[in-house]
Structures are given as structure tokens and as C-alpha cells.
Amino acid sequence: MLQQTQVATVIPYYLRFIESFPDVVTLAAATEEQVLAHWSGLGYYARGRNLLKAARLIVDNYGGQFPRDYEQILVLPGIGRSTAAAITALAWYERRSILDGNVKRVLARFCGIDGWTGERKVEELLWRKAEKLLPESDVAVYTQALMDMGATVCTRSRPRCVNCPVKTDCVALQADRVGQLPSPRPRKVIPERKSSFLLLKHGNEIMLEKRPASGIWGGLWCTPQVDEAEEANYLSRHNMQITRRIELDTFTHAFTHFKLHIRPVLLELASKPLRTEQQGCVWLGLDEALGAAIPSPVRQLLLTMQASQRND
DNA sequence: GACCCGTGGTG
DNA sequence: TCACCAAGGGT
């Protein structure tokens, strides 16, 4: 959960997750649907799918006992070099370096390294620095301190250099370059797309489709998405008779790599259509839908619908 | 090796 | 408002 996600954001998700799946055996017995429902709104849903795969692998191959060997941990789905090192260093006091977002920033400043830290050559250099600076003992304390320092002292903006324990050895500070390091990500034009989200409603239920396992929002439940011009086509293709049609306010959802302009359309159906050509759809009441594995914008829409129903 | 994968905080 | 990024990994 903590991969690419701030601790404060994760905490409520973590608490709910660990209450439902308190151990690896319980998790391994869960369905992907249950796991993704707990991940709903957190993003990077492949992490949830991978966590479930890893739990099942641990139960099937290691008798439910988390592997102790770094190489075995590293091949678990969703666990890469840094996470495997964090597990072995913090849990079992092995001498291994991690390299997360905080550590990258601390090292880029401390060592005075130019270039975007996501670039391959820069990242390789940072790994070498991380390993060179690793102490011989107390690696768990050192690793936690390094991350905490990045989160509290060596912050992205307004770092508290006055309170920094290593200020006298920091290359960036001595060269007065703290504000310039690490170098920002190269600017790129973010493409924009438009899509109509069809809120198909019958009685108090709405229809959701299961998205393909790979790609954006993989495995999540979503309203049908069509191009603006394809809405009528979609309705006739599925023999849907509309008794009411309301266009809701368009809003924008920003991903890392593109912007999505969402045009929600509320469509009340005369009857539930029979869909034989595509089984992956379900009709749910609003409360039920809000408890399902849905992405953030769909949650927003459902909450809006729920609020407007209360006003009726 | 370049690209893909979400969402919310922050200044 | 908007750029930037966070306990990165997979393909």
C-alpha cells in the first residue's frame, strides 16, 4: 500500500484491510473482488492484485510462512528490489539498502547528484550511493531514520536544513543548491481524453461493468464508458429503452499520464436489459455499489446520486 | 528501456 | 489552478 503512496493516505485503508485480512492465510482465501473492494480509492490496483497473488503463493509454496530469503521475497509479485530490501532490513536486520522516493531525495541532496532521479543512470548512481553509505550495523534503525528524515526534515519543499543531523556533510547545502535538488521530472504534455460515463439506472439499482484485468482500473467495477457520439449506439445495441435522460456536470479526473474529462449521463431504463454477449455486468443498489471495487470518480458519481436521492 | 499504472496532499 | 510527487513495480 505504501508504494508510491503517502503514509497518511494509507493508514485508514491499512486498518480496514488488516481487520478483514489479519493474516496471510485469511488473505489467500479471499477473492480478488474482496481485496479490490478494500483497495477502492487507493489507486495502483495492481498492487492489490499482486498482494493477493503473493499471499496465495506463500500459502501454496511455503505453507503460509512468509519466506525468509531475500531472493525468494524478491520474486513475489509486487515486491521489487527496494521493498524486498525494506522487509529484510527492518524485519530481520539484514544489511540491505532501500531506495524509495524519500531516500532518493535525501541522497540526491546529500551527494549533490544532478538529473531526474527516475532516469536510469541517475537511479543506478543513487543505488550505488545508498549501498556505499549503508552502515555496518544497526541497518534497521538507519533505514527507518533515513526514510523519516526524508519525510520530516529533508522534505521536498522548505526542508529544515537547520535541524538536519548531517548538514555539515550535505553537498547540496554546502553549495547552496538544496532548492535545486533533486532535479524535477522533465516536463511532458499530458494528453486529454473525453468520455461519457453512463449511469444506467433501474429502480434504485445501477449497472456496473467489470473492467479487463489489465490496463487502467484493472478488475474494477465501472459504469459503461463510451465516446460522446457512441451513446445512442450503445443504447440501441443493448436494446435499452430510456424513460429519462439527464446530463450531469462534466468534471475532470487527472491521472499521472493523462487527463480524463468525464461527462456523466443519468439514464433511467424502462427495464433491465438482458445481456448475453457480455456477462461481466451487475446491477447493484447504491449502498452496495459503494462497497464494491470501484475507482474514485465512480465513487464520486455514486455519492452524488445518493445525495440527490435524499433530496427527492 | 520506455511506458504504464491512481489518487490525494501540498505549495 | 496546477505542477510535482509520494514507503515502486510490472511489462
Side-chain angles (χ1 to χ4, degrees), chain A residues 1-14 36 38-54 73-91 96-109 116-124 126-127 130 140 142-152 154-159 179-193 211-220 222 251-260 262 293-300:
Chain A
M1 283 184 174
L2 289 163
Q3 290 168 351
Q4 294 294 91
T5 308
Q6 294 186 343
V7 176
T9 304
V10 163
I11 287 172
Y13 287 89
Y14 173 77
L36 289 178
H38 283 73
W39 220 271
S40 174
L42 193 56
Y44 282 147
Y45 299 96
R47 294 179 299 176
R49 298 195 299 271
N50 283 332
L51 188 59
L52 177 57
K53 284 181 200 164
I73 295 170
L74 186 58
V75 298
L76 292 173
I79 296 183
R81 182 176 176 183
S82 185
T83 303
I87 292 169
T88 52
L90 296 176
R96 296 186 188 279
S97 297
I98 68 157
L99 190 65
D100 65 10
N102 284 318
V103 177
K104 281 180 174 179
R105 184 175 57 254
V106 171
L107 293 184
R109 286 173 176 161
W116 178 47
T117 58
E119 195 180 334
R120 182 186 174 80
K121 299 204 71 173
V122 176
E123 192 170 323
E124 282 177 356
L126 287 168
W127 271 113
Y142 168 84
T143 300
Q144 189 63 56
L146 194 56
M147 289 189 285
D148 288 349
M149 209 179 84
T152 61
C154 197
T155 50
R156 181 162 69 95
S157 56
R158 294 173 174 269
Q180 302 164 25
L181 296 177
S183 310
R185 166 197 288 267
R187 302 285 296 274
K188 267 204 301 193
V189 180
I190 304 287
E192 304 192 14
R193 305 176 199 169
R211 294 183 58 84
S214 64
I216 204 91
W217 298 334
L220 270 65
C222 198
F251 62 99
T252 302
H253 186 75
F255 296 92
T256 309
H257 47 302
F258 68 95
K259 269 188 188 177
L260 184 62
I262 296 172
I294 53 175
S296 188
V298 173
R299 179 170 303 278
Q300 277 180 245

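All values below come from the heavy atoms of this structure, side chains included, with hydrogens, waters and symmetry mates left out. Letters go in sequence order (proteins before strands), and every chain restarts at 1.
Among the heavy atoms of the strands lying under 4.0 Å from A/Thr83 are primed sugar atoms or P, OP1, OP2 only; no base atom is included. Among the protein residues, A/Leu42 comes within range of the nucleic acid bases, having at least one heavy atom under 4.0 Å from a base atom. A/Leu146 comes within 4.0 angstrom of nothing in the nucleic acid, heavy atoms only. Using a 4.0 Å heavy-atom cutoff across all strands shown, A/Ser157 reaches sugar-phosphate atoms only and no base atom.
With C1' as the reference atom, B/dG11 and C/dA7 are 22 Å apart, rounded to whole Å.
Between A/Thr5 and A/Arg156, the residue anchored nearer the 5' end of DNA chain B, judged by the nucleotide with its closest heavy atom, is A/Thr5. Residue whose closest nucleotide on DNA chain B sits further toward the 5' end, between A/Phe258 and A/Gln300: A/Phe258. Mapping A/Pro182 and A/Gln4 onto DNA chain C by nearest heavy atom places A/Pro182 closer to the 5' end of the strand.
At least one donor-acceptor pair closer than 3.5 Å links the side chain of A/Thr5 to the backbone N or O of A/Gln3.
Between A/Phe255 and A/His253, the ring center distance clears the sub-6.0 Å criterion.
No more than 12 heavy-atom neighbours from other residues, nucleotides or ligands sit within 6.0 angstrom of OH on A/Tyr14.
Judged by distance alone with a 3.5 Å cut-off, no donor-acceptor contact links the side chain of A/Glu119 to the base of B/dA2.
For A/Asn102 and A/Arg105, the side-chain atoms include at least one donor-acceptor pair closer than 3.5 Å.
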